[in-house]
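For reference, the structure is listed below as structure tokens.
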Amino acid sequence: MDVNGLITKVTWKIEVLSDVGSTSKSMGLNGQVTKVTWRIENFSSIKAKTLCSENFTVDGSKWQLRIYPEGNNEDFLSIYLVVADSATLASGWTRYAHYGFAVIDQFDRENSKTLASKKEFNAIRPSRGFNLLPLTLLHNPKRGYLLNDACLVEAYVFTGRTVDMISHEFIVKTDLDKRKTKEGDCVKAAIGNQKTTTTKPVEIINPSPTLAIELEQPAEADMNTFFTSLESELSNSRIVYSKEEAKEALAKINEALNMTPVDLNDSGKFCPLKQAFMILASFDGSSTTLTIKQMNELLGLEERLKELTNRAAKAVQDKNQLTAKESIKRTMTRSLESSLIRYKEVETEVKQVDQILAALHEEVVEAQKKREKMLAERNGIYKSCKEIKMKLDALGKEWAVYEATARVGEEEEKSVEAEWGRIKDFISSINGKI
């Protein structure tokens, strides 16, 4: 498949699930369900709005999958089951189909995103589908939906009006022995083997040009023995520190004590402090400067301070965790309260819409009655007009006869009137003679 100038590797597989384990057997599938596996490489590089799969046949009908990589007007990966060549379907064609889609989590198959439904497909509605997976979740590197930029999509289809068989459990249990892909195992192993390493600054001292001694890499036991003997040797040397060194050490300790335990824990001042405690414990400015007990307390004080700072840091950490948990709890509570308020608002809006729909229903019924009445009146007018038209057509055919008869009548009327005048004149002349 060539998408947007990229040659993308697509793995396409069609199976009829006649024997896929105890799950299908217990559901009585026996060859009814067709499973389609579509693996799309370089998924994030695809800029096409729609991807159409190859055709596959179920129960004598050809189908295909349609995927919207960047969503179908929504921020979701959208997947549709489409009747292939739907433009050529007969007007009465129809199929009832159960179908399910899955975007496989290639780290853990049981975390795959699935949806299933059952609908009727026809020439007017040849496609059905879902907004299956939010794009943010699809591209989340902690999930296995895009592993090495490959998206693994599965579709399950069977026709007929039987009981529901395609479900999340059925989909994730299919090929249970192959739930985790080899790539998923490799990536998880790589993630598990990653170790965080820290480096400490090393002071590099250039050797004296007159002294070049090459030392062999010592063993761990040899180093421990060397520093133990060195510590004993230095301790026995009874180094005498000056008063200025003792004051400087005391100032360092006072500076550390003026800090809070947590700040002291973060400042990394324990190494200098240990040296300062040793200087004070070894200072011998006078015979009564420090008692033996005080010296021992000074030598152990560094460890006590270190323990206290660790305890303080742990307490602050626990407190911060509690604060974070409380913040999360408050946020979740606010979200829950907001959702509850919105739920009630939506519930009220639904009731209002129901009322509007009920009123509209009454209006529709009344309008329907009025329409039927007007249709009856219109039909009556049409019938009456048609009858009149028929009579007019018949009269038109007889009109010429009526016109000729009328002309004869007019001539006869004139003749009668003339004769009538002559009679009147004759009668008048007789009356004059009598």
Side-chain angles (χ1 to χ4, degrees), residues 49-50 52 58-66 68 71-76 78-101 115-132 134 157-166 337-403 406:
K49 180 177 176 58
T50 309
C52 293
V58 179
D59 193 20
S61 299
K62 291 185 178 181
W63 307 79
Q64 66 175 196
L65 300 180
R66 185 178 298 163
Y68 294 81
N72 186 16
N73 299 322
E74 298 284 348
D75 292 332
F76 282 78
S78 303
I79 304 178
Y80 287 78
L81 177 64
V82 183
V83 180
D85 302 324
S86 58
T88 62
L89 294 176
S91 60
W93 185 92
T94 181
R95 283 290 185 278
Y96 192 86
H98 294 238
Y99 56 95
F101 304 132
L115 280 175
S117 184
K118 52 184 179 180
K119 297 288 184 181
E120 184 177 78
F121 293 75
N122 52 50
I124 298 176
R125 189 70 182 272
S127 66
R128 302 278 186 173
F130 307 103
N131 290 329
L132 189 63
V157 183
F158 76 93
T159 57
R161 295 180 179 271
T162 58
V163 296
D164 295 345
M165 285 191 279
I166 298 178
E337 291 174 349
S338 177
S339 298
L340 179 60
I341 292 172
R342 182 56 186 158
Y343 173 81
K344 292 181 178 179
E345 291 176 349
V346 171
E347 189 176 33
T348 301
E349 291 174 3
V350 168
K351 291 180 180 179
Q352 292 174 351
V353 171
D354 287 341
Q355 293 174 356
I356 294 172
L357 288 175
L360 288 175
H361 178 71
E362 294 177 359
E363 293 180 6
V364 168
V365 171
E366 187 65 28
Q368 184 68 24
K369 292 179 180 178
K370 186 175 180 180
R371 179 178 180 272
E372 291 175 355
K373 182 178 179 181
M374 294 175 68
L375 286 175
E377 183 180 356
R378 185 194 68 172
N379 292 339
I381 295 172
Y382 168 76
K383 185 176 180 181
S384 175
C385 290
K386 191 170 183 181
E387 291 176 353
I388 294 173
K389 178 67 167 58
M390 292 173 64
K391 291 179 180 179
L392 284 173
D393 291 342
L395 183 60
K397 293 178 181 179
E398 299 175 355
W399 190 256
V401 177
Y402 291 151
E403 284 183 334

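Not counting sequence neighbours, Y68 has no partner by the side chain to side chain donor-acceptor pair (under 3.5 Å) test. N122 pairs by the side chain to side chain donor-acceptor pair (under 3.5 Å) definition with nothing, not counting sequence neighbours. Take K386 and apply the salt bridge (Lys or Arg N to Asp or Glu O under 4.0 Å) test, not counting sequence neighbours, and it matches no residue. Every side chain to side chain donor-acceptor pair (under 3.5 Å) that D59 has, sequence neighbours left out, goes to T159. Listed by chain and number, the residues in a side chain to side chain donor-acceptor pair (under 3.5 Å) with S86 amount to none (sequence neighbours excluded).
R128 contributes no side-chain N or O that, together with a main-chain N or O of K118, makes up a donor-acceptor pair within less than 3.5 Å. Remark: side-chain polar atoms of S384 are not paired, donor with acceptor, to backbone N or O of I381 under 3.5 angstrom.
Contact detail for N131 and S78: the closest heavy-atom pair is OD1-OG, 2.6 Å. Contact detail for K49 and G71: the closest heavy-atom pair is NZ-O, 4.1 Å. L81 and L65 make their closest contact through CD1-CD2, 4.1 Å (heavy atoms, listed as atom of the first residue, atom of the second, distance). Residues I166 and A116 share a closest heavy-atom pair of O-CB, 3.6 Å.
Aromatic rings from Y99 and W63 are positioned such that their centres are separated by 6.0 Å or more.
With salt bridges taken as basic N to acidic carboxylate O contacts below 4.0 Å, one links D393 and K389.
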Output a table of donor-acceptor pairs, distance under 3.5 Å, between side-chain atoms of residues 341-366 and any protein atom two or more places apart or on a different chain; print 'none' if there are none.
{"from": "R342", "atom 1": "NH1", "to": "E345", "atom 2": "OE1", "distance (Å)": "3.3"}
{"from": "T348", "atom 1": "OG1", "to": "K344", "atom 2": "O", "distance (Å)": "3.0"}

